[in-house]
Amino acid sequence: MKELVEVIAKALVDKPDEVVVTEKDDGRNIVIELHVAQEDMGKVIGKQGRIAKAIRSVVKAASFKDNKKVDVEII
């Protein structure tokens, strides 16, 4: 999941070198934290959060087969 979020985020931003993705796993739940440059925050979130919602939907669909709950947090 971490790699999926990283690929999507790097495709969206102007400074792909500053994209950092961390993953915290506590058994059944996984929290993926996405850190981007301050200037790129709007590109990752999108108008009214549409891009952020789309990223979360893609990750949720990809994690469905693993029976795990995945949360994506944009920091």
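Listed by chain and residue number, I30, K68 satisfy the side chain to side chain contact (heavy atoms under 4.5 Å, CB included) test with D25 (two or more places apart in sequence, or in another chain). Listed by chain and number, the residues in a side chain to side chain contact (heavy atoms under 4.5 Å, CB included) with D14 are D40, K43 (sequence neighbours excluded). With sequence neighbours excluded, no residue forms a side-chain hydrogen bond (donor to acceptor under 3.5 Å, both in side chains) with K2. Judged as a side chain to side chain contact (heavy atoms under 4.5 Å, CB included), and not counting sequence neighbours, the contacts of E33 are T22, K24, V31, H35, E73, I75.
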Sequence neighbours excluded and cut-off under 3.5 Å, please list the side-chain donor-acceptor pairs for residues 54-61, or say none.
residue	atom	partner	partner atom	Å
R56	NE	V72	O	2.9
R56	NH2	V72	O	3.1
S57	OG	K53	O	3.0

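Applying side-chain contact (heavy atoms from CB on, under 4.5 Å) to I32 and the options I74, V21, L4 leaves one that passes, V21.
The hydrophobic cluster containing F64 does not contain M1, counting ILVMFWY residues as joined when their side-chain heavy atoms lie under 4.5 angstrom apart, directly or transitively.
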Item checked: side chain to side chain contact (heavy atoms under 4.5 Å, CB included) between I51 and V44, worked out -> CA-CA 6 Å; I51 295 176; V44 173; 5.6 Å; no

Next item on the list: Apply side chain to side chain contact (heavy atoms under 4.5 Å, CB included) to N29 and D71, showing your working.
Entry: CA-CA 8 Å; N29 296 328; D71 293 325; 5.8 Å; no

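The CD1 atom of I8 lies 10.0 Å from the CG atom of L34; values are rounded to the nearest 0.5 Å. Atom-to-atom distance recorded for Q38:CD and K15:NZ is 10.5 Å, nearest 0.5 angstrom.
When atom types are taken as modelled, the side chain of R50 and the backbone of I45 share no donor-acceptor pair closer than 3.5 angstrom.
Hydrophobic side-chain contacts under 4.5 Å tie V7 to no other Ile, Leu, Val, Met, Phe, Trp or Tyr residue.
Under the 4.5 Å side-chain criterion, counting only non-hydrogen atoms from C-beta, N67 is in contact with R28.
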